[in-house]
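Heads up, the thing below is written out as structure tokens.
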Amino acid sequence: MLKNFWYAVEFAHAVTRAPRKVTCLGQDFVLYRKRSGEVVCLSDLCVHRGGALSMGRLVGDEEIACPYHGWQYGPDGGCVKIPANPEGRGIPRKARVDAYPVREEYGLIWAFLGDLPEEERPPLPHFPQHDDPAFRAVYFEMELDANYERTFENVVDAAHTPFVHGTSFGNPDKPEIPDYEITQDEWHAEADILLSPPPAKGLWKRLYKEKPEQVVVTNGWYLPNIVKLHVRLPFGDLILYDHNVPISQDRTLVKIVGYRNFFTGKWADGNALKRIEKILLQDKPVVESQRPELLPYDLSDELHLRSDALQVAYRRRRRELMADGWWVGDDDVVTGDGPRRRATVIPSPARREDPELARAWLHKSRGEPAGNGAVEKERA
Ligand code: FES
Ligand code: FE
């Protein structure tokens, strides 16, 4: 799993004045809106006794109170009140939780999960359809028992569609994938691929005058976990942005925003969502059964064809980022039942700004410089 990226952790409409727990990179976070409407993202692990802030309540305009002993934290993660303390007693400097930078874009709440300063952070991708009034969006999600890179690569992979999606948009009679050219930069890669769709079914049939022989599909990825699928149908465009949120190393929350510029009435949303669900339910058993469960680190551990070029481009780029120390493995971040339960926290940018605070946390001894690896607190 890659840190130091903006992750879309929740749909914007789901974040309100009620604290909401989300999980990403094996770590729990709490999201809530200040009274001003701005969204706050904090580590969901209270520094006092490890209570879950998401089970607490909001107080005042922008604070959240832990459900256990009522410590109150502000949007920057600093503790502002300890109810058990007599009046006038100071609050320890270390009484703070990690606070993560947040952006609200494209109907999603994005949290920056890492400790890079603002100017070094990778950019958010650009989804031009969101502000285009010709398009209408639907929002869909599903959890899968599979690693997020397996589900991510599945959507990048055009060659599986005739086999896994032969009864929806794949065409079992035309399985060949013509060679394609990739355009790529540091954070994104995409390619136009010529596919031969099967005859339209259901509602879409109404829009077909003549069945096209081939359609151009733009398929591509944005780091760390987003896949774009832009299908140019004869009657309009369908663009899916598929966010593969790593809940843990082996469980993924797929969040999809689907835009279309045909059948743009609300009445057609149900049909659009049903089509997305059908496709994911076809993928689910296949990706859940892949072995090894995790994407191999070494390119030579699996065989690659020309038609796998987008996945290979991803695996190469991922290796570079691993070499830069951006990889967090299961043992770094997942809270699990070992000989001793561990609770871990992805360091937020505040740690870089305050080295003294950073030192106050125990760094995992993997030879990583302080502030680079995941930070671990131990619960006896
Ligand atoms: Fe949160 Fe004690 S555990 S206030
Ligand atoms: Fe698929």
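In listed order, ligands and their atoms are each counted from 1.
Linking ILVMFWY residues whenever their side-chain heavy atoms come closer than 4.5 Å, directly or via other members, places Tyr106 and Ile256 in the same cluster. Taken together through direct or relayed side-chain contacts under 4.5 Å among Ile, Leu, Val, Met, Phe, Trp and Tyr, Ile226 and Val312 form parts of separate hydrophobic clusters.
Note on Asp283: counted as a metal contact of the Fe ion (ligand 2), an N/O/S atom lying under 2.8 Å.
Pairs passing the ring-ring contact (aromatic ring centres under 6.0 Å, His included) check and including a residue from residues 266-302, sequence neighbours excluded, read Phe263-Trp267, Tyr297-Trp327.
More than 12 non-hydrogen atoms from other residues, nucleotides or ligands lie less than 6.0 angstrom from CZ of Arg251.
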### Message
Run Tyr314 and Phe152 through ring pair (Phe, Tyr, Trp, His ring centres under 6.0 Å) and show every step you take.
### Response
CA-CA 10 Å; Tyr314 168 70; Phe152 167 96; 4.6 Å; yes
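Put simply, the angle at the Fe ion (ligand 2) from NE2 in His160 to NE2 in His165 is close to 90°, to the nearest 10°.
When ring centroids are compared, Tyr68 and His48 stay outside the 6.0 Å threshold.
Applying the side-chain contact (heavy atoms from CB on, under 4.5 Å) test between Val287 and each of Thr151, Asp145, Leu280, Asn147 identifies Thr151 as the sole match.
Protein N/O/S atoms found under 2.8 Å from atom 2 (Fe) of ligand 1: His48 ND1, His69 ND1.
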